[in-house]
Each structure stands twice: as C-alpha cells, then as structure tokens.
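Here the structure comes first, spelled out in structure tokens, and everything after it is commentary.
Lettering of chains follows the sequences in order, A, B, ..., and the numbering in each one begins at 1. Hydrogens, waters and symmetry mates are skipped; everything else that's a heavy atom, side chains included, is used.
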Amino acid sequence: MSRNAAVADRLDEMADRLEATDVAYKPRAYRQAADNIRGHTVAVETLAEDGVDGVKQIDRVGDAIAQKVIEYLDTGRIEELEELREELPVDIEAITRVAGIGPKTAADLYEALGIEDLDDLEAAAEAGEIQTVKGFGATTEQNILDGIDFARESHQRELLGDARPLADRLLGSLREFDVVDAADTAGSLRRWRPTVGDVDLLAASDDSETVVEQFTDLDGEIIEAGTSKASLRVDGLRVDLRVVATEEWGSALQYFTGSRDHNIVVRNRALDTGLKVNEYGIFDVADVDDPDAGQCVGSRVAGETERSMYESLGLDHVPPELREDHGEIDAAAAGDLPTLIEEGELRGDLHLHTDASDGQNSVAELIAAAEAFGYEYLAVTDHATGSGMVGGVGVDDDDLLALAETVRDAARDTDLRVFTGVEANIGEDGSVSVDDDVLAELDCVVASPHAALDGDGTERLVAAVEHPEVNVLGHPTGRLLNRRSGLDIDMERLAETAVANDTALEINANPSRLDLRGDYVKQAVEIGATLAIDTDAHQPSSLDLARFGVHTARRGWAEADDVLNTRDADGVADFLDV
DNA sequence: GCCGTTTTCGGCCCGACTGTTTTCAGTCG
C-alpha cells in the first residue's frame, strides 16, 4: 500500500505543531508538501529508492522535507516530530477537529488546563473551566460542547457521492429565493474531487443579508452567520454559503472554485500583464501607483462571468474539473484545452449486475431500467466465482453459460442491444478466474481485482489486460475511498499494454471507488488508451451514478472519443469483437 | 521550509467572521 497518505499525515501534524509553537511560514510549507505527497500518483517508497532527489520530484518538497520522508519510511518515525510531540503532548489532530479550535488554541488550553485530548476538553468544558482561561469566555465554552461530538465522529473527508446530492438539494432551494440571481457550487465539489471537506455554495444577490437569513432558515444547525456568508451543519456535513454582488458573480465563482494552485497560476499570469485578479474582478492596474491599495483599484476589465475572467487573461475558459494546476493554463493559452466528455454522451453501460450474482434485479428488470434511462445497450456482467468472492456470490462456469442464454432470450424482447458477459476475478498471479472456453462464449469480459488489494499490482493487471478474452479492466486499483488505497500501479505501462491489446480501462463510477482516478485517467488518455465509464450498478437506481464517472473522466482530460461507451452499439460490438 | 524568465535571499494570499479584545488574534476557507 502506498504510504503517501501516512507520510502526508505526519507532515500535516508537523505543520500543526509548528504553528502551535508560533513558527512562521514553515507550517504552510509542510502543508503544501503534505498535500502534494498525498495526491502524487507515484508511491513515495518508490521515489525514495532514488534517495532525496527522488522524493524531491514532488512539487514543494525540498531537501529538508525529503529527508524527513525518507527517515519516516526507514524508521517509522520522524525525530523532529517526536520532539514536538514531547514539547506539546496533545492529540492535536483530534482537538483541532473541533470547529473554531486551531493549533494555537490547542496549545493555550494545554498550557492553562493540561488538556491533551477530546475527553479532557469535554470534561473541562462541562466543568466550566474553559471560560476561566484568559482569552476564553462562556460562548467559546458552549461552542466547544456543541462541536465535540461532531469532532469525534468526523475525521474523514466526505464522499463526493454524499455531498453532491445535498448540494443539489440546497442549490434548488437557493435558486428559488426571489433575491437570488444565480447560485452554484464552488470549491472541490464543483471540481468534482472524489472527496470534499465541506459543501461550498455561492449565490449572487444584491441583498446578501436576506439570502443569509433565508438560507439559515432552510435546514440544519447554524455554525456561523454574518452579512455575506453563513455556515451550517446539514446531514452531518458542513455547508458554507457565500453571497456576492451580481456583477462580481463570475470573479467570485472563479476565485472560490480554486484550486488554490490553479488560482495562483492565474494570478501570476495576470500580474505579468499589469492586471490584478481577486474575488471582485480583474483590474487593470498598469497605471496605478499602488495596486495593493485596495480590493478594487484600477479599472475593472472583467468579473461578471467566469468566461470573461479567463478571456481577459487571454485564456480559453477552463472547465472546473481541470483547475488543479496540471498544465491547464498553458493549454488554455495555446487553445489546446480538450473538448471534455459531457454528461449525456454515454450510450450504454458495460458493467452491471443482476440477481444471478449480488445484484437486486432480474435480467429483464435491468434491461427495462437501462431502456428507461435512455441507453442504447448494456452488458450483463455478473460476478464469476473466484478469489474475493465470499458467501457464494459468484456464478460458476456452467451457470455463466446458462445466464448468457437467459440474457439472449431477454434481449429478444427489447430494442436495446444486450451483450452477454461476466465480471471475472483477477487472481494474485494475474490469472482470470473463468475458463477460457467459457470466456470465448461471452461478448463482454470485465476482469477486476477483488482480493489482495495492496502492494504493486502492475504485473498482475498487465497480465489480465493481455488476456485475449478480456475486454475491460474493471476498477483497476480496487481502491475504496476512505477505506483502502488499493493497488499501486505503473499507469504508463498499464495504459501502453491496454492500447496494444485493445482492452478498455474502466472508470468505475461508483462514488465509493471512482477508479481509475482522474490523474491516472489523464496518463491513460495521453497514451491513447480507451476508457469505459461504467456504474457497476447492482440496482437500477445506481445507473444515475454514471455522472460521477463522467466527471472523473473530465478530471482526466478525457474527450468523448476516448470513451468506449460513447460509441453506438455497433461501435462497441466492433471493439468487443462480436 | 520552499522557491526563483525581474531574486540563491527575501519574500511567502487575504478577507470574513467570531469572540474576546478596548484595537485584535485566531480560525477558516
């Protein structure tokens, strides 16, 4: 298992502890390094094989942090972190999860009351001791009591699949307010990151106070509410709303969508041409003595629409999913941005389950659901037996052939093209868990890893991709968001093998997976691999989840032509060689 | 601690909100 996340957690803790002891600038450096390590597609332990210089390939990682990374990989500890822990023996990660408590407050509470963890904190608040500390009052004490249960429960980012439906519901309400001119998501939610820290919403209105008032009446518990922003807790998620003037809608949307790194590149590009970018617009400050004199100095050249923001900087409009500082600005300047695949361009689904294995519906019901969803074709790919299948879920070889017959029968009653198929298991040695003679009888063979999902999986997946009967590599890394990181893979090699063998690489749209992830998709697209966006649905309502796969593909710069199931049924049949 | 097509030293985003201040620090995004 890649240790990137573990390393990043240690560095984030370093940042908190340095901040608690009032060290300047270093905390930010550690946090940026941690973010980049967490998101890096290559395992740190692989980079560390080349020593400090290998680890330094990660952006914002220099000599000092690279050495600490190697120290951690070698010894399981970082000496400087251990010293900081001794200096402040506080579970700082837990305590700072309480809303309003940061590293410095945690340090203050330790100094004054010896508070080391959430239990200490709760006991002190209940005993009324917090408000006796200088700088703290009864309100803060109550806020701690109100926030402590939430802090105990939530220590992970939320799945996009949970946050997006909530956002859609709240957006629907916001847009019905008379005083609201426009409303949208912002932040990582709008970029369709697989997990989000909170739900960011933005509204345009010339009466922000009324919007905040009406919004805080909608639902949930108020965390804070001012004249232009409010925070709620709804269904266990934090929701942040900002309200901006209508003429600043585009600039605010651009600013609050981020990512931070993207915005830094945008801002620097603007500075080069005498423009200043902020959440209020783009301003020509070439003839201004002090561009930092205020928020809106100089003459305003853009801000009402997001498109105007990019265009006034000589850039094509950059879709939110691309705004990660992964080369999108250069591409936008050169007119080379991809025409991303859109929701609605999928014409079928090639990875679906019925009650023959662990799905909930019959073949006929699944076909009817796909037809109602507007699809032109589908593949019935129930689980085969084999490693990773527990409780008798999988279908054995003889029954697979019988199931295929059932599927062919059902297909006669529909206009949809229905492909027979299977989801076979990839063994630890790369073998496929169904007999070749049986696979040869089936139209669409998805092969997926279901067991032994840690360590380097490249050889194993390459072997499966090279199998002549395999058409689609299902959820390639086997990751489950917030639960397991899945297989490490050499994406370049895997994608090259997929191209050579006419095997599609799946983007599994299930919000718990989103596998392949966006940056792997980008590598696969650059190499020319064919993708398949599948829901892996086990019930008809899950067909709706396809949009999460589409946006993950967009995060990987994929165009419709890169995706197998944007083709018509004949095109897919050609690819499947049936 | 990191970084550099104006710098290997001298910068590092910044505004809203809160709670506690009698003018501001800490947190958050």
Inset, instruction - Please state whether the rings of A:His262 and A:Tyr310 are parallel, tilted or perpendicular, taking 30° and 60° as the class boundaries. - result: tilted
Candidates [options] - which lies nearest the side chain of [X]:
X	options	answer
A:Tyr30	B:dG15, B:dG1, B:dG19	B:dG1
A:Arg60	B:dT27, B:dC13, B:dC3	B:dC3
A:Asp59	B:dG19, B:dC3, B:dC2	B:dC3
A:Asp198	B:dC17, B:dT20, B:dG29	B:dG29
A:Asn143	B:dG19, B:dG1, B:dT18	B:dG19
A:Ser228	B:dC2, B:dG29, B:dA16	B:dA16
A:Lys229	B:dC3, B:dA16, B:dC2	B:dA16
A:Ile65	B:dC2, B:dG26, B:dG19	B:dC2
A:Arg238	B:dG29, B:dT18, B:dA16	B:dG29
A:Tyr255	B:dG1, B:dC13, B:dT20	B:dC13

Which part of the nucleic acid, if any, lies within contact of [X], taking any heavy atom under 4.0 Å across all strands shown: a base, the sugar-phosphate backbone alone, or nothing?
X	answer
A:Ala15	nothing
A:Pro27	nothing
A:Phe256	nothing
A:Ala24	nothing
A:Arg28	base
A:Leu18	nothing
A:Lys56	nothing
A:Arg31	nothing
A:Thr227	sugar-phosphate

Rounded to the Å, how far apart are [X] [atom1] and [N] [atom2]?
X	N	atom1	atom2	answer
A:Glu224	B:dG15	CD	C1'	13 Å
A:Glu19	B:dG1	CD	P	15 Å
A:Leu232	B:dG29	CG	P	14 Å
A:Gln131	B:dT21	CD	P	11 Å
A:Lys104	B:dT18	NZ	P	21 Å
A:Arg193	B:dG29	CZ	C1'	14 Å
A:Ile223	B:dT27	CD1	C1'	13 Å
A:Arg260	B:dC13	CZ	C1'	10 Å

[atom1] atom, [N] versus [M]: distance in rounded Å?
N	M	atom1	answer
B:dG26	B:dT21	C1'	12 Å
B:dT6	B:dG10	C1'	14 Å
B:dC12	B:dC17	C1'	24 Å
B:dC13	B:dT18	P	25 Å
B:dC14	B:dC9	P	25 Å

Legend entry - Glycosidic class, syn or anti, of B:dT7 using a 90° window around 0: syn
Legend entry - First encountered from the 5' end of DNA chain B, between A:Gln32 and A:Ile58: A:Ile58
Inset, instruction - Let me know, please, whether A:Gly135 or A:Pro103 comes out on the 5' side of the other along DNA chain B by nearest nucleotide. - result: A:Gly135
Is it possible for you to check whether [X] lies under 6.0 Å from the centre of the six-membered ring of [Y], through NZ or CZ, and within 45° of that ring's axis?
X	Y	result
A:Arg233	A:Phe150	yes
A:Arg164	A:Trp192	yes
A:Arg517	A:Tyr520	yes

Legend entry - For B:dC2, the Watson-Crick or wobble counterpart (both distances under 3.5 Å): B:dG11
Legend entry - Inter-residue atom distance A:Thr185.OG1 - A:Leu171.CG, 0.5 Å rounding: 6.0 Å
Inset, instruction - Could you walk me through whether A:Asp149 and A:Arg152 pass salt bridge (Lys or Arg N to Asp or Glu O under 4.0 Å), step by step? - result: CA-CA 5 Å; A:Asp149 285 339; A:Arg152 277 211 180 88; 3.7 Å; yes
Legend entry - ring centroid sep under 5.5 Å plus plane angle under 30, A:Tyr25 with B:dC12: yes
Report yes if at least one side-chain N or O of [X] is closer than 4.0 Å to OP1 or OP2 of [N]; otherwise report no.
X	N	result
A:Thr140	B:dT18	no
A:Ser231	B:dC17	no
A:Tyr280	B:dC14	no

Legend entry - A:Arg242/A:Asp240 salt bridge by N-O under 4.0 Å criterion: no
Inset, instruction - Decide yes or no on salt bridge (Lys or Arg N to Asp or Glu O under 4.0 Å) for A:Asp235 and A:Arg169, but give the supporting numbers first. - result: CA-CA 12 Å; A:Asp235 295 349; A:Arg169 177 159 67 80; 3.1 Å; yes
